[in-house]
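Order of listing sets the numbers, starting from 1, for every ligand and every atom in it. Since we're looking at a predicted model, the values are computed, not measured. Side-chain atoms are counted along with the backbone in the values below, which use heavy atoms only and exclude waters and symmetry mates.
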Amino acid sequence: MVMNADEAKKKIDTLREELEQYRHEYHTLDAPSVPDYEYDQKMQELIELEEEFPDFQTADSPSQRVGGAPLDAFVKVQHDVPMLSLGNAFDDQELRDFDRRVRGGTDEDVSYVCELKIDGLAVSLRYEDGVFVRGATRGDGTTGEDITKNLRTIRNIPLRLKQPETLEVRGEAYMPKPSFNALNEAREERGDEPFANPRNAAAGSLRQLDPKIAAKRNLDIFLYGIGQWQDESSEAHSERLEQMEKLGLKTNPEWKKCNDIEEVIDYVHSWVEKRQDLDYEIDGIVIKVDRLDQQDTLGFTAKSPRWATAYKFPAEEAITTLKDIELSV
Ligand SMILES: CC(C)(CNC(=O)c1ccc(Oc2ccccc2)cc1)c1ccc2c(N)nc(N)nc2n1
């Protein structure tokens, strides 16, 4: 049926609202209210209407998730705020040494925020007036690659925030273990080389020039920090995480505020075993000074903040090898 522009705009807005609601139900609530074929049918209808009325096609339309034509190459992007790396701690004593250095650099009590260190690919997302406009890999921390089209295919990346904020957030894109296992089974059946681990699978998927390939890889994301935020009012990192969640940005629910390093050590120990139960891989725990003014006082070394460190778990392969040795004795 031929529509005029007004009818088309109304129909496009209705389809977008319905698709956004279905996305939220399926991906965030894990409680879809309509069968997949209905979602796909409405998505196809939206794509065709937007092609017929291109003036109504906008960056935040759900139709922009399914990936366009393949790129010839990735464009390099400069990070306005560098994406820094983390110092490491490998045992309790090194955590206590970190705490001593921190308390030596500030004159008050220090509390920490502990976060799971997701074993994926560090990315940055830029939003302007609430709309997702650019996504990039960390690269060398200063220069990354524009992978916006691939990141649009990650269902848990909102194309529009709940408030029209202008900010840049950082996080870890990852492939859940079930998706990794299914992907490798399919690859082995096809005679393709399986991925060694979920991190390589996520990185390989986001480095695809054809977004339609990334769209099939069931990637997910946890956001963990702010690069820059025009109207930020938070005074603590824990507040930032709460603000990000309120905007519709997915943070990892396991983060915990700890009042001293002993609480941090207890948290870290609790996750050495518990991590097997997660449906994504982690390679450690990130510990950050919570108050932002204390972070500013402590500052940075050449490439890492003095106010954060990463407790690294022993590599899983190492554990498996040890088990093999034990079993074979
Ligand atoms: C702490 C930070 C290094 C991010 N922070 C930054 O990259 C950063 C960058 C410029 C900053 O300030 C500057 C601004 C301008 C110039 C120089 C520094 C402050 C923080 C980091 C790195 C890796 C993380 C990870 N894998 N998992 C979690 N959960 N958290 C992580 N946090």
Side-chain angles (χ1 to χ4, degrees), residues 77-90 95 98-99 101-102 105 110-126 135-144 156 167-175 197-200 202-203 206 219-230 232 234-245 249-258 264 267-268 271 275 278 280-313 315:
V77 293
Q78 295 300 320
H79 297 297
D80 298 346
V81 173
M83 292 179 72
L84 301 176
S85 53
L86 285 164
N88 290 329
F90 292 96
L95 284 176
F98 164 72
D99 175 54
R101 289 195 300 276
V102 162
V110 172
S111 61
Y112 294 103
V113 171
C114 291
E115 302 169 16
L116 301 187
K117 190 171 181 299
I118 311 302
D119 202 0
L121 187 77
V123 295
S124 87
L125 309 178
R126 174 183 288 172
T137 62
R138 177 181 181 280
D140 63 8
T142 308
T143 307
N156 277 324
L167 61 117
E168 198 228 310
V169 289
R170 278 91 192 269
E172 202 84 2
Y174 68 93
M175 185 178 290
N197 54 54
R199 176 171 43 76
N200 289 8
L206 285 171
L219 297 172
D220 205 335
I221 194 163
F222 287 119
L223 294 152
Y224 55 63
I226 302 278
Q228 56 190 9
W229 187 348
Q230 221 163 17
E232 177 162 28
S234 311
E235 290 176 0
H237 177 68
S238 46
E239 266 176 64
R240 273 182 170 171
L241 293 173
E242 288 159 353
Q243 288 300 318
M244 286 162 67
E245 196 66 36
L249 293 163
K250 187 179 168 195
T251 60
N252 185 277
E254 305 298 345
W255 67 267
K256 184 173 185 279
K257 188 165 167 186
C258 295
V264 167
Y267 179 88
V268 164
W271 280 102
R275 66 179 169 146
L278 292 167
Y280 47 85
E281 284 193 357
I282 64 172
D283 60 348
I285 303 292
V286 179
I287 298 114
K288 300 171 183 176
V289 168
D290 190 31
R291 274 177 42 189
L292 298 181
D293 60 331
Q294 291 180 325
Q295 289 188 5
D296 293 345
T297 308
L298 288 159
F300 307 90
T301 67
K303 60 183 177 52
S304 306
R306 287 199 183 88
W307 41 264
T309 191
Y311 177 91
K312 301 285 283 190
F313 295 134

What protein heavy atom sits nearest atom 2 (C) of ligand 1, and how far away is it?
Leu86 CD2, 4.3 Å

Among all protein heavy atoms in this structure, tell me which lies nearest to atom 14 (C) of ligand 1, with the distance rounded to 0.1 Å.
Val81 CG1, 3.7 Å

Thr309 side chain to Gly87 backbone, donor-acceptor under 3.5 Å:
yes

For the backbone of Asp119 and the side chain of Glu281, can you confirm whether one donor and one acceptor N or O come within less than 3.5 Å of each other?
no

Which atoms of ligand 1 are found less than 4.0 Å from any heavy atom of Glu172?
26 (N)

Identify the closest protein heavy atom to atom 4 (C) of ligand 1: which residue and atom is it, and at what distance?
Tyr224 CE1, 4.3 Å

Looking only at atom types and distance, does a side-chain atom of Asn156 sit under 3.5 Å from a main-chain N or O of Asp220, one as donor and one as acceptor?
no

Counting from 1, what ligand 1 atoms have a heavy atom of Arg170 closer than 4.0 Å?
7 (O), 9 (C)

Heavy atom of Pro82, distance to ligand 1 below 4.0 Å:
yes

Is it true that atom CD of Gln228 has more than 12 heavy atoms of other residues, nucleotides or ligands lying nearer than 6.0 Å?
yes

Options Phe300, Phe222, Trp307, ranked by nearest heavy atom to atom 18 (C) of ligand 1, top entry
Phe300

What protein heavy atom sits nearest atom 7 (O) of ligand 1, and how far away is it?
Leu84 N, 3.0 Å

Geometric N/O contact Lys288 with ligand 1, under 3.5 angstrom
yes

Atoms of ligand 1, numbered as shown, that sit under 4.0 Å from any heavy atom of Glu115:
28 (C), 29 (N), 30 (N)

Aromatic rings Tyr174 and Phe222: how do their planes relate, parallel, tilted or perpendicular, breaks at 30° and 60°?
parallel

How far does NE2 of His237 sit from CG of Leu292, to the nearest 0.5 angstrom?
8.5 Å

Kindly indicate whether the side chain of Gln243, heavy atoms from C-beta on, has any atom under 4.5 Å from the side chain of Glu232.
no

Mind running salt bridge (charged side-chain N to carboxylate O under 4.0 Å, His left out) on Arg199 and Asp283 for me, showing each step along the way?
CA-CA 10 Å; Arg199 176 171 43 76; Asp283 60 348; 5.9 Å; no

Does ligand 1 have a heavy atom under 4.0 Å from the side chain of Ala310, from its backbone, from both, or from neither?
neither

